[in-house]
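Written out below as structure tokens is the structure these notes cover.
Order of the sequence lines fixes the chain letters, A, B, ..., with proteins taken first and strands second; residue numbering starts at 1 for each chain.
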Amino acid sequence: MHKVLLEWFEKHGRHELPWRQTQDVYKIYLSEIMLQQTQVSRVEGEYYPKFLKRFPTLKALAQASENEVLALWSGLGYYSRARNLLQCAKICKDTLPKEPKELMKLPGIGTYTANAICAFAYNQPVAVVDTNIKRVIMRFFALQDEKEVQQKAQMILNTNEPKKHNLALMDLGSLLCTPKNPLCDQCPIQQWCAGKESPHSFGKTKKTKREEKVIHFGIFLQSGHIAMERSNKNLYKNMFILPAIESAPKPFATFKHSYTKYNIQATLTLLNKRPPNTHLIPLQALSAYPVASIALKGIKKAIKHLQEDL
DNA sequence: GTCCAGGAGA
DNA sequence: TCTCCTGGAC
């Protein structure tokens, strides 16, 4: 089984991904953090190369300001990842621990990321379980209970080629053993798979319902600057956000956004004086500031609308 | 328009 | 168990 899996991987695996072309533990660590809850396509083209260019080593990152790190992370979401990344760099200086247990003591590194770093950077014999691999394992062993997944994954781990084995299962999950229409015909390990007759019975993803929510934002513009405040809540912590206002009888525009469990209906209202606790941010240099997508969306909408009014 | 994928921390 | 985010697929 190990042999055909690796043969399939050599032929069909996503070997071109930039973080698979390096042995540098920092580059692998960075990729794993960026890939948490985030699609490959969003990371590989823009955020990953941009971030590495600015901070090529853990040591370089350790010298950074949180502002700059968050600015580079703008638009990627889950900003605690960026704050934790910087924390790790400051804690570790220039060397990350090499054991999963030690890595997991660091902020932002859980079971998955700790195992991924050890398997992918050091070829250690640890089973990596992300949601793709979890689905593969649950189908392969026809598991109903996800508690057994880590143990089963460790059981079938190829200890001679742990890195390739884990990457192979990952690619199998994302290319063939997909949530909706698994391509069992093409699967190299189909003959050993206990769940192949009813793949949809195993490894189901849980459904999410969203709540509707209305938020009113205030727009204050002054000679090419916009008033923004720093979030001090967990949501968008330390990022610049548009000031919220209580009510908006006469909004000049609206837009939609969503996060977590909320569908946001946002309104924009022109303010005639700058709200307290706001900073005037130059519109030309917005990309140098930590601004989340929801705020950027609002700002673009506001500018477009106001220009059309002229 | 609605749905979906994707780990950590508290 | 709940919060944290986003854009692209449909």
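- Within 4.0 Å (heavy atoms only), Asn263(A) reaches no atom of the nucleic acid at all.
- Counting to the nearest Å, the P atom of dG8(C) and the CG atom of Leu76(A) are 12 Å from each other.
- Note on Lys261(A): a side-chain N or O is less than 4.0 Å away from OP1 or OP2 of dT3(C).
- There is a side-chain donor-acceptor pair under 3.5 Å between Glu212(A) and Asn263(A).
- Distances shown here put a side-chain N or O of Asn132(A) below 4.0 Å from the OP1 or OP2 atom of dG6(B).
- Residue-level contact check: Ile33(A) touches neither bases nor backbone, having no heavy atom under 4.0 Å from any strand.
- Heavy-atom minimum distance, Glu229(A) versus Asn277(A): CB-O, 3.5 Å.
- In this structure, Tyr79(A) places its OH atom 17 Å from C1' of dG7(B), rounding to the nearest Å.
- Rounding to whole angstrom units, CE of residue Met170(A) and C1' of dA5(B) are separated by 14 Å.
- One finds no side-chain N or O of Tyr259(A) lying less than 4.0 angstrom from the OP1 or OP2 phosphate oxygen of dC4(B).
- Counting any heavy atom pair closer than 4.0 Å across all strands shown, Thr113(A) reaches sugar-phosphate atoms only and no base atom.
- The pair Arg20(A)-Asp171(A) counts as a salt bridge, with a side-chain nitrogen and a carboxylate oxygen less than 4.0 angstrom apart.
- There is a side-chain donor-acceptor pair under 3.5 Å between Gln265(A) and Lys256(A).
- One can place NE2 of His257(A) at 13 Å from C1' of dG8(C), the figure rounded to the nearest angstrom.
- Across all strands shown, Gln37(A) has heavy atoms under 4.0 Å from base atoms, whether or not it also approaches the sugar-phosphate.
- Within 4.0 Å of Leu296(A), counting heavy atoms only, lies no atom of the nucleic acid at all.
- As judged by a 4.0 angstrom heavy-atom cut-off over every strand, Thr131(A) is placed among residues touching the sugar-phosphate backbone only.
- Distance, Leu85(A) CG to dA8(B) P: 13 Å, rounded to whole Å.
- Taking the nucleotide of DNA chain B with the nearest heavy atom to each of Lys256(A) and Pro107(A), the more 5' of the two is matched to Lys256(A).
- A salt bridge is absent between Lys98(A) and Glu102(A); no separation between the charged side-chain nitrogens and carboxylate oxygens falls under 4.0 Å.
- Counting atom types as modelled, Arg81(A) pairs no side-chain N or O with a base atom of dT3(C) as donor and acceptor under 3.5 Å.
- Among the heavy atoms of the strands lying under 4.0 Å from Tyr78(A) is at least one base atom, whether or not backbone atoms are also near.
- Residue whose closest nucleotide on DNA chain B sits further toward the 5' end, between Thr38(A) and Ile109(A): Thr38(A).
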